[in-house]
Amino acid sequence: MKAQILPASAPESIRLAAETIRMGGLVAFPTETVYGLGCDALNPDAAAKVFEAKQRPQFDPLIVHIADRRQLDNVVRTLTSTAWQLIDQFWPGPLTLVLPKQPTIPDLVTAGLDTVAVRMPNHPVAQALIREAGTPIAAPSANPFGYVSPTTAQHVADGLGSAIDLILDGGPCPVGVESTIVSLIGPQAELLRPGSITLEQLSAFIGSLSRSSSVVDQPTAPGQLARHYATQTPVTILTSAKTRPTPPKNERAGLLIFSEASAADERFAAVEVLSTTGDLREAARHLFAALRRLDAQGLDRIYVEPCQEEGLGIAIMDRLRRCAAS
């Protein structure tokens, strides 16, 4: 049976979704980044359903979402002055902090780690759901594990519609890539996953950050595996935005670009333009939906134009490299 899709603008939808969370069910809901697959973060049985629905390995921790700073008492054991600086500046928003966890958070949610990834989403539907549920909500992206993240309710229905209870449709996600993740466990803040809150923005408030290895065997936060956010169609990242390959005659190829298409691009069976002006925020917003459209066309390969790796471009290229990894 397919999950029911309800308009998130209706108060009764929020009430039903919150009741589903409290009863140990699974609800997909929009955030400013991507759609999340939510459960009661304090209920280990509900968390197990998330891992089962996504076919997610249990060594990959979940992010706990809150709507009020007072909920931190049930989630986090201690908060440093650096944590408060980042909270004051960037919450609510697409910033996840890794902090020492309270025993109330089940080990399954944190993959057995003594730390928890927590954030306060800046989306009215997410905030309304968490408040109405009366509990922190643990939520990874609402898609089969490893596949391209969902930025619309239909994306969720296409991938997980028969495995979850309810989908709240709040329209397309305005940011389009997952949250920035910063660990505050060690002596220096560490960037674990780039996102729309950039390294430059973070450094302006707390000084320099270390950068984790791009690939780890034991994740301390989501999005650290070598292959992730991946299409079923093989992806090749071009060496330069200035040159386009000529696909082999026997290859149906797609093209993903950050600029206006040209006559030369007619060699490709399908072309997706992320931003005709090269605006990286617009490109990030469209990235996952464009990859999904190309992936649905039965192509042999998708070629991707790179963007400049600064600011939000770091996060975009991080997602593309993981998508292209074999």
(Q) On a heavy-atom basis, which atom in Ala117 and which in Thr96 lie closest, and how many Å separate them? (A) CB-CG2, 3.6 Å

Q: Go through the steps for Ile314 and Thr198 under the test side chain to side chain contact (heavy atoms under 4.5 Å, CB included), then give the verdict.
A: CA-CA 8 Å; Ile314 295 174; Thr198 66; over 6 Å; no

Q.
Taking the ring centre of each residue, are His155 and Phe288 less than 6.0 Å apart?
A. no

(Q) If we ignore hydrogens and angles and just use 3.5 Å, is the side chain of Arg131 paired with the main-chain N or O of Ala67 as donor and acceptor? (A) yes

Q) Of all heavy-atom pairs between Pro150 and Ala142, which one has the smallest distance, and what is that distance? A) CG-O, 3.3 Å

Q: Would you give the length of the straight line joining atom CG of Leu199 to atom CG of Leu312, rounded to the nearest 0.5 angstrom?
A: 12.5 Å

(Q) Counting neighbours of CD on Glu52 that are heavy atoms of other residues, nucleotides or ligands and sit closer than 6.0 Å, is the number greater than 12? (A) no

Q. Going from CG on Leu99 to CG on Leu72, what distance comes out if it is rounded to the nearest 0.5 angstrom?
A. 8.0 Å

Q.
Thr115 and side-chain contact (heavy atoms from CB on, under 4.5 Å): which single residue from Leu97, Leu184, Val98 fits?
A. Val98

**Q.** Transitive ILVMFWY side-chain link Val271 to Ile237, under 4.5 Å
**A.** no

Q.
Using side-chain heavy atoms (C-beta onward) and a distance below 4.5 Å, is Ile302 in contact with Thr236?
A. no

(Q) Count I, L, V, M, F, W, Y as connected when their side-chain heavy atoms are under 4.5 Å apart, and connections chain through other members. Are Val34 and Val148 then in the same cluster? (A) yes

**Q.** Pairwise distance CD(Gln188) to CD(Glu190) - rounded to 0.5 angstrom
**A.** 8.5 Å

(Q) Salt bridge check, Arg292 against Asp158: does any charged N sit closer than 4.0 Å to a carboxylate O? (A) no

Q | Worked verdict on Asp318 versus Ile316 for side chain to side chain contact (heavy atoms under 4.5 Å, CB included) | A | CA-CA 5 Å; Asp318 171 79; Ile316 292 171; over 6 Å; no

Q. More than 12 heavy atoms of other residues, nucleotides or ligands under 6.0 Å from CD of Glu260: is that the case?
A. no

Q. Is a donor on one side and an acceptor on the other found under 3.5 Å between the side chain of Lys49 and the backbone of Gly24?
A. yes

Q) Transitively linked via ILVMFWY side-chain contacts under 4.5 Å: Leu6 with Leu37? A) no

(Q) If you compare all heavy atoms of Pro92 against all heavy atoms of Pro121, which two are closest, and at what distance to 0.1 Å? (A) CB-O, 3.6 Å

(Q) Any heavy-atom pair between the side chains of Val156 and Ile5 that's under 4.5 Å? (A) no

Q | Distance-only polar pair, side chains of Arg193 and Thr180, donor-acceptor under 3.5 Å | A | no

(Q) Would the distance check show the side chain of Glu132 and the main-chain N or O of Leu129 forming a donor-acceptor pair, the cut-off being under 3.5 Å? (A) no

**Q.** Contact summary for Lys54 and Leu160, nearest pair of heavy atoms
**A.** CG-CD1, 4.3 Å

Q. Does Leu192 belong to the same Ile/Leu/Val/Met/Phe/Trp/Tyr cluster as Leu62, with side-chain heavy atoms less than 4.5 Å apart forming each link?
A. no

Q: Indicate yes or no for a side-chain donor-acceptor contact from Trp84 to the backbone of Asp88 under 3.5 Å, with no hydrogens or angles considered.
A: no

Q: To the nearest 0.5 Å, tell me how far Glu19 CD sits from Met23 CE.
A: 6.5 Å

Q. Does some side-chain heavy atom of Glu272 sit less than 4.5 Å from a side-chain heavy atom of Ile257?
A. no

**Q.** Pairwise side-chain contact, Phe29 with Ile137, heavy-atom cut-off 4.5 Å (strictly under)
**A.** yes

Q | Heavy-atom closest contact (Ser179 atom, Thr33 atom, distance) | A | N-CG2, 3.8 Å

Q. Side-chain contact, heavy-atom cut-off 4.5 Å: Ile87 with Leu79?
A. yes

Q. Is the backbone N or O of Gln232 less than 3.5 Å from a side-chain atom of Asp295, with the two atoms forming a donor-acceptor pair by type?
A. yes

Q. Going through the checks in order, is the side chain to side chain contact (heavy atoms under 4.5 Å, CB included) test met by Leu280 and Cys307?
A. CA-CA 8 Å; Leu280 291 184; Cys307 67; 4.1 Å; yes

Q) Hey, does the side chain of His286 reach the backbone of Leu274 with a donor-acceptor pair shorter than 3.5 angstrom? A) yes

Q: Determine yes or no for a side-chain-to-main-chain donor-acceptor pair under 3.5 angstrom, with Arg77 supplying the side chain and Lys101 the backbone.
A: yes

**Q.** Shortest non-hydrogen separation from Pro219 to Phe59 and the atoms involved
**A.** CD-CD1, 3.6 Å

**Q.** Asp279-Thr277 side chain donor-acceptor pair, cut-off 3.5 Å
**A.** no

Q | Worked check of side chain to side chain donor-acceptor pair (under 3.5 Å) between Thr246 and Arg267 | A | CA-CA 7 Å; Thr246 299; Arg267 297 171 295 187; 2.8 Å; yes

Q. Any donor and acceptor pair, going by atom type alone, linking the side chain of Glu282 with main-chain N or O of Gly278 inside 3.5 Å?
A. no

Q.
Please check this pair: side chain of Asp165 against backbone of Leu26, looking for a donor-acceptor N/O pair closer than 3.5 Å.
A. yes

Q) Would you say the side-chain atoms of Asp300 pair up with the backbone N or O of Arg252, donor to acceptor, closer than 3.5 Å? A) yes

Q | Val64 side chain near Val109 side chain, heavy-atom distance below 4.5 Å | A | yes

Q: Could you please spell out the steps behind the side chain to side chain donor-acceptor pair (under 3.5 Å) verdict for Asn74 and Thr104?
A: CA-CA 7 Å; Asn74 290 329; Thr104 50; 5.4 Å; no

Q | Modelled atom types, side-chain donor and acceptor of Ser149 and Glu178, under 3.5 Å | A | yes

Q: Enter the distance from Leu113:CG to Ile105:CD1 here, rounded to the nearest 0.5 Å.
A: 13.0 Å

Q: Could you state whether Ile164 and Val50 fall into the same hydrophobic cluster, counting links through intermediate Ile, Leu, Val, Met, Phe, Trp or Tyr residues with side-chain heavy atoms under 4.5 angstrom apart?
A: yes

(Q) Show, in sequence, the C-alpha distance, side-chain angles and deciding distance for Phe145 and His228, and conclude whether the ring pair (Phe, Tyr, Trp, His ring centres under 6.0 Å) test is met. (A) CA-CA 8 Å; Phe145 179 73; His228 210 52; 5.3 Å; yes

**Q.** Worked verdict on Tyr35 versus Leu168 for side chain to side chain contact (heavy atoms under 4.5 Å, CB included)
**A.** CA-CA 9 Å; Tyr35 273 71; Leu168 288 175; 5.9 Å; no

Q | Student check: side-chain heavy atoms of Ser210 and Leu191 closer than 4.5 Å | A | no

Q) Is the shortest heavy-atom distance from the side chain of Gln71 to the side chain of Ile130 under 4.5 Å? A) yes

Q | Atom pair CD/CG of Gln102 and Leu42 - distance to nearest 0.5 Å | A | 10.5 Å

(Q) Testing Arg285, Arg281, Arg119 one by one against Glu32 for a salt bridge (charged side-chain N to carboxylate O under 4.0 Å, His left out), which residue passes? (A) Arg119

Q: Please determine if Arg319 forms a cation-pi arrangement with Tyr229, meaning its NZ or CZ atom is less than 6.0 Å from the six-membered ring centre and no more than 45° off the ring axis.
A: yes

Q. Gln154 and Thr152: side chain to side chain donor-acceptor pair (under 3.5 Å), yes or no, with the steps?
A. CA-CA 5 Å; Gln154 189 59 53; Thr152 70; over 6 Å; no

Q. Do Ser326 and Arg227 get their side chains close enough for a donor-acceptor pair, meaning under 3.5 Å?
A. no

